[in-house]
Each structure stands twice: as C-alpha cells, then as structure tokens.
Protein chains: 2
Amino acid sequence: MVTIADVARHAGVATSTVSYVLSGKRTISPDTRDRVQRSVRALGYRPNASARALASQRSNVLALVIPLRTGMHVPVMMQFATAVVTTARRFDHDVLLLTADEGPEGLRRVAQSSLVDAFVVMDVELNDERVPVLRDLPLPSVLIGYPAEAAGLTCIDLDFVAAGALCVDHLADLGHDSLALLGTPSAVYERQTGFAQRTLTGFTEAAARRGVLGVETPCEHTFDAVLQTVQQLLHDHPGITGLVVQNEPIIGPLLDVLRRLGRRVPEDMSVLAISADDVAERQVPQLSSVTIPAEEIGEQAVLSLIAKLEGSPVPELTLVPPTLTPRASSTAHNPQPTNHPKPVRGD
Amino acid sequence: MVTIADVARHAGVATSTVSYVLSGKRTISPDTRDRVQRSVRALGYRPNASARALASQRSNVLALVIPLRTGMHVPVMMQFATAVVTTARRFDHDVLLLTADEGPEGLRRVAQSSLVDAFVVMDVELNDERVPVLRDLPLPSVLIGYPAEAAGLTCIDLDFVAAGALCVDHLADLGHDSLALLGTPSAVYERQTGFAQRTLTGFTEAAARRGVLGVETPCEHTFDAVLQTVQQLLHDHPGITGLVVQNEPIIGPLLDVLRRLGRRVPEDMSVLAISADDVAERQVPQLSSVTIPAEEIGEQAVLSLIAKLEGSPVPELTLVPPTLTPRASSTAHNPQPTNHPKPVRGD
DNA sequence: ATGAAAGCGCTAACAC
DNA sequence: GTGTTAGCGCTTTCAT
C-alpha cells in the first residue's frame, strides 16, 4: 500500500504539503502542486479512508436506510437508492446500506461508531421510533416521507396532497363528475405511512372544490379483492367514470376486472395511476399517470444532506411537485361523437 | 465521544485489556471481564470504526455492487440486497452500496482506499470488465452470475440450466409434448448476461432428452411484441401446449394475449414462469413458477465472503438449485374428461 | 508557501 | 492474566 509519506518522499515535500495539495485547503505554489500531483499519479496513491476519517472526523459516508418488509413498490425504491448513490458520489461520498430492521439501534450504532456522517431515511412513518433518535444524534439527516412531529427535521417527499388533487383536476377537466380513489390496503393506512392519507386528502378536497363526487376505498393486493372492491364500488356509485389507483400491484388486475365487467378503458371508464412510469406504460391501454419522481427526490435528499454537512441551512420540508403524464387511459366524459370540425370560438 | 481510554480508566485497566475483552482475542479473568463490560455499558462505549479499521487493517465493510440500468427485475435485486445486508450484520459487517456505473474504477477506488474488505458483485456478465480487476485486487469477492473465465473466482448463481430443464420436465411429466420458451429481449442475450442462455440450454437439452418439441423465442417488453411473438409462435407451431416465460415484465401481457387469442390457461395452454413468487401469485390464474431464490443466494454470497475473509476455502462455483412451485397455470395435457374416480393401481 | 510534529482511537506485538 | 507502547495513515495546528 502506498501512503502519503511515499508520495511526499517521491515529490520531495512534507506529508502535510501532499495533504494540502489534495484537499486544496491552503495555497500551494503551482510548481509544488504539479510535482505532488505527478507523484500521486506515478505511485497510484489513494488516501486511506480510515486514516482520513480518523484524523478528520469525517467518514465521507452517508447511511441510506431502506425499508425491509413493506408494501411500498420496489422499483421506485431502487430508483431512489440509485439516485442517492449517484448523487453522493458527485460529492465524493459513499453510501452505507442499512435495512430498517435494525431499527433505532442501528442508527445509533453507525452514528456513534463514526461509520457515517449523515442519514437518509426512507419510508418514515407518522410515528416513527427512529425520529426521536435522529433528533438526538449529532448527525444531520434527511427523511423521505414525513412524521407527525417534523419540527427541526429535514423532510423531503412527493407532494401527495397535490398528487391527489392533480388527479381530480385532470379528470374533472375532462368532464368527469363521479370519481373514485382505489387506495392502498387498509394495513398501509393503519401503518400511518402518511402518503396514502395525504393523497386521499388532496383527492377529497379537490373533489369538493370542483363539486364532483369523490369516493375512496382501500384495496388489497389479490385479484379477488380487486374484483370485489370494484364491483361494490360500481354498485354503490354506478355513475363513476373516473378511477384513480394508488396501488401498484393491483393495476394489472384492475384492468382485467374492468374488462371482465365490460367497462372499456377509456371509453366507459377513465383510469389514472399514481405509479412509476414504466408500470403505467406497460399496461393496455397505457395509463395516464402521476409519477413518483424517485430520482429527483433521491438527488434532493443528498443535496440537502451535503448542504447540512457544510453548515448551510436547508428548508425543513421540501415537497416535490407531482407531474401528470396523460396517456391513453383517460379521456373526455360524454364526448360528442362527431366528425365535424369543432367550431372555432371567436373573440 | 467516549473512547477506549475512558472505558479503561473507568474500569481501572489498560486500554489493551478493554480491547481484548471486546475482541475475545486473549483470555481475561472473569472478574476483569465483568468490570470492563460494566464500564462499557455504563459509558455507552462504541469503538470508533475508523480507528479500529486503521489499526486492524479491516473495515468490516463489504461492498455490494448493484446493476444501475438493467433489464433484470428489480424486486429480486431488492430481496437479494436485503439478504446481503442482513447476513452481513450477523457477522458484524456493514454493507457499502456501489452502483455498476462506477465500473472497474469504482472497485479499485474502494479497495485501494481500504473502505471495504470484500466485494459482492451482482449481475456479472460473460465478459465483464470488472472481472480482471477483481482478480487483481487483493480483496476477496463473490460474483452473482458467472463470467466466461471464472477460474480462480468465487461465483454463485441460480442453476439456470437446471431451471430450464425443470420446466421441461414438469410439463413433459404432465403429458405436454410441444413446448416453447418465451425468453428475455434479444438485447439481454446479446449483453451475454449468461443466465438467459443457460436457461435456454437446459430447456433445449431437456426437451431433446424427453423427446418433446422445445422451441425458443426472445420477446421484448411491449404488449405488441408479446402479441406478435405469441401469434407467430402459435402459427409456426400450432401444437404447442406448454409455455415457459423467463421475462417478468411480459407475464401480465402474455396472459392477456392468450386470453385474447382464445387460449384458456391452463385448459388449452399450460404456463410456467421463471420469476419471483409474488409476481406468479398475483396473476390470474396463479402461475406455476420456478423461483429465483434471491434471499438464499444473497445469504450464501455473504457466507462465502466471510469464509474467505477468515481464510477458509470456498467452492469456486455454487449453483443454487431451482425449486418449482406448481400452481393453477399448469395441468395435464389431454386429460380424460371424466367424473369417475381414478382406478387405483395395485402393485 | 512550506515543514515539523502532535494527535485522531484503536490493535497487537512485546513485556512481565 | 494484564500493562506498556509503538504504530496504523492521515489532518491540522503551530512554526517559520
């Protein structure tokens, strides 16, 4: 292993000079800098991470805490994790992977052993045990999702309220006046992950604001559950022509069920998914969807964390606005079947 | 921060004694041990990871290299990653997450900076740039999947050849004599990830051995591609009654297509998936499937790595045998429609 | 603009 | 069975 002393000797300078050339923390004459950099390359020098961390009190490692067993959809998590790693690397940091099953104790462990400098915690629940721990630890953290008591913490999330409202507005704009939200299994609501409820809030408020019917029902992941839920829904509210799904696994089954019930998409029923793009695009017909911008959230999380590590202030709550991509599954309600060109409205 | 010196002082012993109590690397009198352990708890001592790594030349961190952009199915990767972390923790190791986009250079970086002690590399391709690097680095590694030139490396993978054969045997046992394998997109074959080809090998060999027809066709992820591929297939080989799918995203579309073409599953067509269990179970009808035992592979990878770190020999290649779970989608070919109880065969 | 040297907190000889 | 101490490789004062 080649050490900083080897480089210093090779370049004919002190080790501190090598260190300063590498860190840029003090001005070095161009000549010296060159010589050192040449030596670094010549010897293939790489600073020892442990030694550096020990001396500088900074490991340059971020902890990423991912949920272990969860109803959340996996591809999004993966995108997110990837974005975190990629962004961390841009700032010369690495990422330590922790699973949620270590719980609060796991956070303490890696923090107190100085393994990591900061935390990105995914899938934070409304009353999350880890929140008080994070507040206590002297390390900065960013939460994805947000807990009941978020004061003093940095949280980033999709603006699910806006997502719910966006769906209603899209469908209402298309002329639909009876909408339903097919949500996550009731267990997810009970787990109080927050996001499910916030979507519902946005959905309900927007429905009221637009003066349209907006009913909601949770739905389990089995085909039978979907069938039953939809039948019940259409029985109770036969006028429904717009469906919003926030429950990735049931998207396929839902389309099956509608087919089986003789409801064509989008002619008889407009369908809107809150889901990853690839899932929406894979369906027949392709689904209009509101995307969870996992990459953006992951990147933003790391940016915030780096800022905090540098002592810069960051907002307590960052809500990432949702985007709606219209595809084949949503269309105007009661369209006039006509071949005539639309009359141009004068002004 | 509480250090080993604090603990030593509190317990009235030397720092080395504290160290040895913690590591168990030399015998300590029960009395001393007790005193030290009490002090550790009393002070809430946690060894500093960097200092320990610097002194011991061991970071107790494993690198997990995950594919960034890939056609592989994500849930399985996630299961795998989870198993790696969980198992690593059992042996007091942590996991550093690397994405494949750092390439061979990323491996060198973390190895030469002593950030990690060993590598788990997922999604290894037949001619993987990282393989020569791994061979050069002085750190042990385990590859998931295996490259063309695997000598001297430790590889773990599902026995895809056996998986392909298992599918044929299952269907042949049920009386089917014309089978097709619906594979991954041709790009995956060209990327030479290996697993697609090995499944095909097992499939083809087993078909020959069983004297049944076994044709294969790649398939892209779009609905149209599935439709066309299946139509072509059934046109070319109208007698096919058994379908094996190794291509998770098209499973849903495939079932749609079969429905649309009027082929009932399993009455007219038995379908077998090589995929994660939850995907198979979510379909209608639930699919018989050969599972990729991600947890088992992930655990095995870490076990091998720990063994190597301890200097124990490990096999160069571990093939994890596939398991087939029969579900509703595969059934006997040309069953006698009868209500009579089956005659019991005497012996 | 550069060098010398004191740690960072721990492990592992080496002593006894 | 336990203590003493010399590093591990780097950063960062403190000097000059």
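In the text below, chain A, chain B and the rest are named by the order of the sequence lines, each starting its count at 1. Bear in mind that the values here come from a model prediction, so they are computed numbers and not experimental data.
Within 4.0 Å (heavy atoms only), A:S16 reaches at least one base atom of the nucleic acid. Nucleic acid contact class of B:S29 (heavy atoms, under 4.0 Å, all strands): sugar-phosphate only. Here A:S114 lies out of heavy-atom contact (under 4.0 Å) with every strand.
Across A:S50 and B:S114, no two heavy atoms sit closer than the pair OG-O, 4.1 Å. Summarising the geometry of A:P315 relative to A:T154, their closest heavy-atom pair is O-CG2, 3.6 Å, with the distance given to 0.1 Å.
Each of B:R26 and B:A53 lies near DNA chain C, and the nucleotide nearest B:A53 is the one positioned closer to the 5' end.
Side-chain proximity of B:Y45 to C:dC10, D:dT2, C:dA4: nearest is C:dC10. Taking only side-chain atoms of B:A14, from C-beta outward, the nucleotide of D:dT5, C:dC10, D:dG3 with the closest atom is D:dG3. Picking from C:dT11, D:dC8, D:dT11 the nucleotide with the shortest atom distance to the side chain of B:Q57 gives D:dC8. Considering only side-chain atoms of B:A55, the nucleotide from C:dA12, C:dC10, C:dG3 that sits closest is C:dC10. When distances run from any side-chain atom of A:T3 to the nucleotides C:dC10, D:dG9, D:dG1, the shortest one goes to D:dG9. Distance from the side chain of A:T17 is smallest to C:dT2 among C:dT2, D:dT2, C:dC8.
Atom CZ in A:R58 sits about 18 Å away from atom C1' in C:dG9, given to the nearest Å. Rounded to a whole Å, the CG atom of B:L54 is 9 Å from the C1' atom of D:dG7. The separation between B:R52 atom CZ and D:dG9 atom P is 18 Å, rounded to whole Å. Per the geometry, CG belonging to A:L22 stands 13 Å off C1' belonging to D:dG9, to the nearest Å. Spacing between atom CG of B:N48 and atom P of C:dG7 amounts to 17 Å, rounded to whole angstrom units. Across the protein-nucleic acid pair, A:I4 atom CD1 and D:dC8 atom P stand 14 Å apart, rounded to whole Å. Between B:I28 atom CD1 and D:dG3 atom C1' the separation is 11 Å, expressed in whole Å. Between the CG atom of B:D34 and the C1' atom of D:dG1 there is a distance of 15 Å, rounded to whole Å.
At the phosphate of D:dT13, neither OP1 nor OP2 sits under 4.0 Å from any side-chain N or O atom of A:Y20. Between C:dT11 and B:K25, no contact under 4.0 Å exists linking OP1 or OP2 to a side-chain N or O. OP1 or OP2 of D:dT2 sits under 4.0 Å from a side-chain N or O of B:T32. Using a 4.0 Å cut-off, some side-chain N or O of B:S19 falls inside it from OP1 or OP2 of C:dT11.
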Item to complete: Take A:D31 and A:S29 through the side-chain hydrogen bond (donor to acceptor under 3.5 Å, both in side chains) test and state the conclusion after the steps.
Response: CA-CA 5 Å; A:D31 175 54; A:S29 75; 5.0 Å; no

Practice prompt. Could you give me the CA-CA distance, side-chain angles and deciding distance for A:D123 and A:I144, then say whether side-chain contact (heavy atoms from CB on, under 4.5 Å) is met?
Written response: CA-CA 6 Å; A:D123 199 35; A:I144 311 305; over 6 Å; no

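Between the side chains of A:S19 and A:S16, no donor N or O sits under 3.5 Å from an acceptor N or O.
The local environment of CD in A:E316 is crowded, with over 12 non-hydrogen atoms from other residues, nucleotides or ligands closer than 6.0 Å.
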